[in-house]
Amino acid sequence: AAIMDACPDPSGDFSAPAALAASTYAPNPYGVVVRGWFMPSRDELNILGVSSVGGLTPYAYYWSSSQYFAIRAWFQVVGHGGGSNWQFIDVGKDGTIQVRAVRAF
């Protein structure tokens with residue numbers, strides 16, 4: 001919610017599509033809607049990548065909620081064993097990268 005609040009778009013379009021995708025994700029297991037999803041921080045994403053838990057696609061890029069500066073955010077390549085060597089900032093926030101929503105950590 002904080003990411004979406006901080007990224008208003010004067011045109012009326014949403015300018016934080018990754019955060020929006022995570023926040024509106026609502027699976028419906030056994031008829032119960034599960035809400036409260038968010039994007040993991042870079043440290044949380046790293047733990048998910050190291051642990052092989054969470055349905056991450058190996059050797060794929062995933063956004064984190066950790067901002068580097070106004071036009072960049074941290075992302076990670078998972079499937080390499082984790083660690084900060086696999087976290088990057090060289091794609092602008094407008095880059096197309098996968099999102100893995102989480103509910104708790």
Side-chain angles (χ1 to χ4, degrees):
I3 293 170
M4 293 182 295
D5 288 344
C7 299
D9 187 337
S11 73
D13 293 331
F14 218 132
S15 62
L20 179 62
S23 73
T24 58
Y25 180 68
N28 192 357
Y30 309 108
V32 178
V33 175
V34 181
R35 298 194 186 278
W37 296 85
F38 60 93
M39 289 173 55
S41 70
R42 70 182 261 204
D43 295 332
E44 292 167 338
L45 184 59
N46 184 54
I47 292 170
L48 287 172
V50 171
S51 68
S52 301
V53 174
L56 300 174
T57 303
Y59 308 105
Y61 298 81
Y62 286 88
W63 280 121
S64 80
S65 63
S66 301
Q67 177 170 280
Y68 184 72
F69 60 91
I71 61 168
R72 302 228 187 270
W74 288 94
F75 67 93
Q76 179 155 353
V77 181
V78 300
H80 293 285
S84 60
N85 291 337
W86 299 105
Q87 294 178 328
F88 305 95
I89 56 163
D90 58 346
V91 172
K93 290 180 182 178
D94 58 349
T96 302
I97 296 177
Q98 295 188 67
V99 175
R100 174 58 171 105
V102 296
R103 281 193 64 222
F105 212 86

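The model shown is predicted, which means the values in this text are computed figures rather than measured ones.
Each of Trp86, Phe75, Trp74 was checked for a ring pair (Phe, Tyr, Trp, His ring centres under 6.0 Å) with Tyr61, and the lone residue meeting it is Phe75.
Counting all heavy atoms, side chain and backbone alike, Arg72 lies closest to Ile89 at CD-O, 2.7 Å. The two residues Phe38 and Glu44 come nearest to each other via the heavy atoms CE1-OE1, 4.0 Å. Residues Val99 and Trp63 approach most closely at CG2-CD1, 4.2 Å, considering heavy atoms. The two residues Arg42 and Gln87 come nearest to each other via the heavy atoms O-NE2, 2.9 Å.
At distances below 3.5 Å, not a single donor-acceptor pair connects side-chain atoms of Tyr68 with backbone N or O atoms of Phe88. Between the side chain of Ser64 and the main chain of Leu45, no donor-acceptor pair closer than 3.5 Å is present. Between the side chain of Gln98 and the backbone N or O of Ala60, no donor-acceptor pair lies under 3.5 Å.
Going from atom CZ of Arg100 over to atom OG1 of Thr57 covers 10.0 Å, rounded to the nearest 0.5 Å.
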